[in-house]
Amino acid sequence: FVNDAVWCGFSSTKYFHLKYNGFNLETKEINVHVYLLPSALKVLDHPSEVITSMKGLTDTVCLLFNIECPAPVPEKALKHDYEVLFSVVKEHNEGKVYFEESVQHPALIPLLRPYQQSAVKWMLYKENVLSRIQEDEELKLHCLFVELTALDGTQLYYNKYGGYFAKQKPLEILP
């Protein structure tokens with residue numbers, strides 16, 4: 001049930017400390033406590049900051065916390081495909097209403113095209129985001145991270161795509 005990648009994560013003394021905690025004669029199972037070492041925690045300047053992946057850590061953490069591991073990306077697929085990026089962004093924003101009122105000013109002689117109206121509404125919405133923060137609206141966890149709670153109650157945030165932990169809560173990036 002434990003593959004080589006998981007053992008690679010455990011065998012790396014940089015991230016985990018394993019401590020024997022007994023043996024169950026009936027089930028023939030060894031009880032081991034797994035401690036996360038401070039070297040596995042990263043301080044982020046930005047929630048989507050690129051940090052070199054910690055070999056073996058992703059598979060091990062996914063197994064221990066029952067997190068769905070992301071599928072590995074083939075090397076040749078890492079070349080940026082801007083058409084795919086734009087289509088995903090367009091699909092994500094399609095149908096969203098950022099600003100309810102008309103942005104066509106009566107003194108403006110040319111009529112704004114639909115994509116121009118959408119852009120203006122989006123910009124007005126972005127300017128209004130500061131008022132959302134000032135109203136103490138609770139910000140959500142960044143979408144790249146999963147919140148995990150250790151046995152001692154410590155909250156940790158794991159980036160399953162980057163393969164590292166952060167102790168400070170990475171917040172969502174407001175649109």
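Treat the numbers as computed from the prediction; the structure is a model and nothing was measured. Throughout, residue positions are numbered sequentially from 1 according to the sequence presented.
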_Rounded at 0.5 Å granularity, tell me how far NZ in Lys19 sits from CG in Asn21._
7.5 Å
*Does CG in Asn66 sit with more than 12 non-hydrogen atoms of other residues, nucleotides or ligands closer than 6.0 Å?*
no
*If the plane angle is over 60° it's perpendicular, under 30° parallel, otherwise tilted; pick one for Phe165 and Tyr158.*
tilted
*asked:* Would Tyr20 and His33 count as a side chain to side chain contact (heavy atoms under 4.5 Å, CB included) here? Give the steps.
replied: CA-CA 6 Å; Tyr20 173 76; His33 285 196; over 6 Å; no
*Just how far is it from atom NZ of Lys167 to atom CG of Leu41, taken to the nearest 0.5 Å?*
6.5 Å
*If every non-hydrogen atom of Gln117 is compared with every non-hydrogen atom of Leu112, which pair is closest and at what distance?*
NE2-O, 3.2 Å
*Taking atom CD1 of Ile30 and atom CZ of Phe23, what is their separation to the nearest 0.5 Å?*
6.5 Å
*Identify whether Ile109 and Val103 are in the same connected component of the hydrophobic contact network (ILVMFWY, side-chain heavy atoms under 4.5 Å).*
no
*Is there a donor-acceptor pair closer than 3.5 Å between any side-chain N or O of Glu147 and the backbone N or O of Gln155?*
no
*Taking side chain as C-beta onward, heavy atoms only, is Phe16 less than 4.5 Å from Leu36?*
yes
*asked:* Going by side-chain contact (heavy atoms from CB on, under 4.5 Å), Val146 matches just one of Ile67, Leu141, Leu156, Val61. Which one?
replied: Ile67
*Has Leu151 got more than 12 heavy atoms of other residues, nucleotides or ligands less than 6.0 Å from its CG?*
no
_Would you say CD of Gln168 has more than 12 non-hydrogen atoms from neighbouring residues, nucleotides or ligands within 6.0 angstrom?_
no
_Could you report the tightest heavy-atom contact between Leu111 and Gln116, atom names first, then the distance?_
O-OE1, 4.3 Å
*asked:* Under 4.5 Å between side-chain heavy atoms, counting indirect links through other Ile/Leu/Val/Met/Phe/Trp/Tyr residues: same cluster for Met123 and Leu108 or not?
replied: yes
